Amino acid sequence: MAPVFWFRRDLRYFANEALIAAVENGATEALFFVCEKQWQKHGAAAIQVDLLKRRVAWLGETLSEYGVHLHIQSVDTFAQIPQALKIFCDQHGATQVYANAEYEVNERERDKQCQAQGIELKLFDGDLVAPPHSVKTQGGEMFKVFTPFKKAWLRQYEQTHFYIPSWPKKKASNSTPWPAPKCLHSDGTSEKWPVDDDSIAQIANHFIEHKCGKYEAQRDIPSAKGTSGLSPYLALGMISVKQLLAQLQLFYPDILHITSRAEFCWVNELIWREFYRHLIVSFPKLCRHQNFNDKYNMVNWRQDEQQFSAWCEGKTGYPIVDAAMRQLNQTGWMHNRLRMIVASFLSKHLLIDWRRGEKYFMEHLIDGDLASNNGGWQWAASTGCDAQPYFRIFNPIAQSEKFDPQGDFIRKYVPELEDVPNKYIHFPHDYLALKQCSDYVVPIVDHKEARARALAAFKV
């Protein structure tokens with residue numbers, strides 16, 4: 001009996017080893033569950049859900065050309081999936097379901113419930129190069145510091161030349177059109193992000209061939225297009241890390257062996273992504289929004305709704321923070337350097353619980369991803385695994401001067417500062433007072449006072 005393939009956050013047919021294995025074993029039926037209430041419960045951003053729906057619709061049309069029919073079923077929550085999957089398998093005479101593993105707590109519990117229904121799940125680690133628990137200390141434990149993890153990861157894979165398995169299907173001569181169901185209706189919020197493979201491949205090719213070598217020098221400059229632009233596609237599995245590494249090795253075959261190359265800086269970020277996924281498997285409490293480092297449970301976070309709203313709206317009086325938050329609110333994406341700056345500002349300057357910022361990010365980011373988002377926030381708040389020390393508190397003015405020296409990014413998203421000279425753009429309040437301009441908000445907190453307050457709170 002032919003198996004069924006179950007799509008989750010692995011929305012690709014090219015370089016999808018689990019799907020290829022299913023098709024090679026005779027699968028012609030695939031399934032995707034639309035789980036609106038579950039996505040809301042997980043705080044998924046509307047823009048990301050829109051991107052997901054557009055990609056699933058594209059995938060359904062594409063797979064139909066190869067004789068694979070993608071079925072869409074709507075359920076409210078994960079709890080309804082096991083029975084629905086069982087019924088689907090019975091209807092199609094399938095006893096096996098191929099899928100790619102998901103590592104979060106709710107998703108793993110959902111899969112256990114499916115197996116309890118008698119469904120044989122064949123799970124692949126398609127989202128990772130190194131499967132969970134495969135990169136360990138000499139004592140057989142999960143690394144708690146990134147650099148040793150990276151070195152062990154590289155020892156495992158530095159001699160590997162990644163390849164992409166070929167898609168086994170030829171286009172069907174008499175394929176029937178695939179009608180997208182109403183539950184995949186797009187509201188257009190993600191339209192600036194293409195979902196077809198040709199466009200995604202073009203983005204990846206352009207970055208790897210022309211920009212990867214400059215990534216180390218440009219990745220922290222928010223006004224420059226120095227990042228890959230691939231994070232939304234990685235978050236939904238439209239493209240895989242193995243696929244990107246295989247592509248990178250076409251241009252730089254020794255990239256995993258000679259880490260001094262400028263291009264390796266980008267690979268380093270991909271390994272951070274792996275590190276955070278390994279952590280949520282080894283320490284499930286991270287999926288429950290708990291501090292990795294328990295001693296920081298003693299931090300007395302402030303409950304200041306007015307200041308939290310000011311941070312959310314980009315009205316803190318610190319131009320780089322405000323520009324970053326407005327970029328997030330307007331576009332659904334934020335530059336990585338800015339993510340660190342605004343996370344540090346919320347958790348250190350305002351001393352507001354990092355979990356509130358983590359939630360806000362997930363509700364607005366097109367590339368929202370629990371493992372990476374949690375890891376980044378706990379890094380900035382000093383509560384996480386291999387996080388910055390609590391006494392390291394970003395000075396938003398100094399960060400702005402260093403990474404947006406001419407204020408180009410600030411002026412783009414804080415237009416009320418458009419006419420402020422470069423000399424004053426990073427903290428313009430004295431200049432605005434002198435010019436009797438009052439369009440821009442006053443600072444909600446003093447940097448020196450906030451720093452002293454954070455140090456005192458964390459020393460507890």
Side-chain angles (χ1 to χ4, degrees), residues 8-9 35 38-45 77-79 100-116 123 125 127-128 130-137 139-150 152-153 235 271-303 339-340 343-344 346-348 351-363 365 367-390 392 457-458 460:
R8 286 101 88 88
R9 288 202 168 202
C35 309
Q38 189 73 47
W39 295 339
Q40 291 172 12
K41 185 178 179 181
H42 285 172
T77 65
F78 285 168
N100 282 294
E102 293 183 306
Y103 307 110
E104 297 83 357
V105 167
N106 291 155
E107 283 78 354
R108 292 171 76 184
E109 179 59 30
R110 172 205 61 199
D111 288 352
K112 287 181 182 178
Q113 294 302 319
C114 289
Q115 291 169 327
L123 297 178
D125 290 296
D127 190 46
L128 292 169
H133 307 302
S134 67
V135 182
K136 298 180 180 180
T137 66
E141 297 180 349
M142 172 60 194
F143 286 95
K144 296 181 182 179
V145 178
F146 172 69
T147 300
F149 173 88
K150 177 179 71 173
W153 189 97
I271 301 174
W272 267 107
R273 183 178 183 274
E274 300 250 321
F275 180 59
Y276 285 141
R277 274 157 181 71
H278 282 237
L279 283 174
I280 65 169
V281 174
S282 295
F283 304 96
K285 69 177 183 178
L286 297 177
C287 296
R288 300 185 178 98
H289 311 290
Q290 296 176 23
N291 292 325
F292 178 85
N293 196 329
D294 292 338
K295 71 179 181 181
Y296 291 113
N297 293 342
M298 297 295 293
V299 174
N300 186 22
W301 301 108
R302 297 173 62 246
Q303 300 293 328
R339 297 187 196 203
M340 292 188 281
S344 179
L346 181 74
S347 58
K348 302 288 179 65
L351 205 60
I352 290 175
D353 195 332
W354 61 267
R355 282 162 279 233
R356 301 193 67 182
E358 178 196 33
K359 182 175 183 289
Y360 191 84
F361 267 29
M362 285 298 290
E363 291 172 344
L365 282 172
D367 60 0
D369 171 276
L370 188 146
S372 294
N373 191 44
N374 180 276
W377 270 96
Q378 293 221 46
W379 181 89
S382 301
T383 62
C385 181
D386 198 13
Q388 65 172 345
Y390 77 86
R392 186 183 177 197
F458 276 80
V460 172

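Numbers for residues simply follow the sequence, beginning at 1. In this text, all values refer to a predicted model and were calculated from it rather than measured experimentally. Atoms considered below: every heavy atom in the structure, side chains included; atoms not considered: hydrogens, waters and symmetry mates.
- Between Lys359 and Asp353 there is no salt bridge, since no side-chain nitrogen of the basic residue lies less than 4.0 Å from a carboxylate oxygen of the acidic one.
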Report task. Decide yes or no on side chain to side chain contact (heavy atoms under 4.5 Å, CB included) for Tyr360 and Leu346, but give the supporting numbers first. Result -> CA-CA 12 Å; Tyr360 191 84; Leu346 181 74; over 6 Å; no
Requested in this report: Test side chain to side chain contact (heavy atoms under 4.5 Å, CB included) on Val299 and Trp301 and set out the steps.
Outcome: CA-CA 6 Å; Val299 174; Trp301 301 108; 3.8 Å; yes
Query raised in the report: Do Trp354 and Asn291 pass the side chain to side chain donor-acceptor pair (under 3.5 Å) test, and can you show the C-alpha distance, the side-chain angles, and the key distance before you say yes or no?
Result: CA-CA 10 Å; Trp354 61 267; Asn291 292 325; 2.9 Å; yes
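- A pairwise comparison of heavy atoms in Ala380 and Ser347 identifies O-OG, 3.9 Å as the closest pair.
- No side-chain donor from either of Gln388 and Ser382 sits under 3.5 Å from a side-chain acceptor of the other.
- Shown here for His278 and Met142, the closest heavy-atom pair between the two residues is CB-CE, 3.6 Å.
- When all heavy atoms of Ser372 and Asp369 are compared, the closest pair comes out as N-OD1, 2.8 Å.
- Within a 6.0 Å sphere centred on CG of Asn300, heavy atoms belonging to other residues, nucleotides or ligands number 12 at most.
- One finds a salt bridge joining Glu102 and Arg110 here, because a Lys/Arg side-chain nitrogen approaches an Asp/Glu carboxylate oxygen to under 4.0 Å.
- Put simply, the residue from Asp386, Thr383, Asn373, Asn293 that forms a side-chain hydrogen bond (donor to acceptor under 3.5 Å, both in side chains) with Gln378 is Thr383.
- Dense packing is recorded around NZ of Lys285, with more than 12 heavy atoms of other residues, nucleotides or ligands lying under 6.0 Å away.
- Ring geometry for Tyr276 against Trp272 counts as tilted: the plane angle lies between 30° and 60°, on a 0 to 90° scale.
- Note on Asp127 versus Arg277: salt bridge recorded, some NZ/NE/NH1/NH2 to OD/OE distance being below 4.0 Å.
- Taking the six-membered ring where the residue is Trp, Phe458 and Tyr390 present parallel rings, their angle staying beneath 30° rather than reaching 60°.
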**Report entry** side chain to side chain contact (heavy atoms under 4.5 Å, CB included) evaluation trace for Glu104 with Glu109
**Finding:** CA-CA 9 Å; Glu104 297 83 357; Glu109 179 59 30; over 6 Å; no
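- Phe78 has its ring centre less than 6.0 Å from the ring centre of His42.
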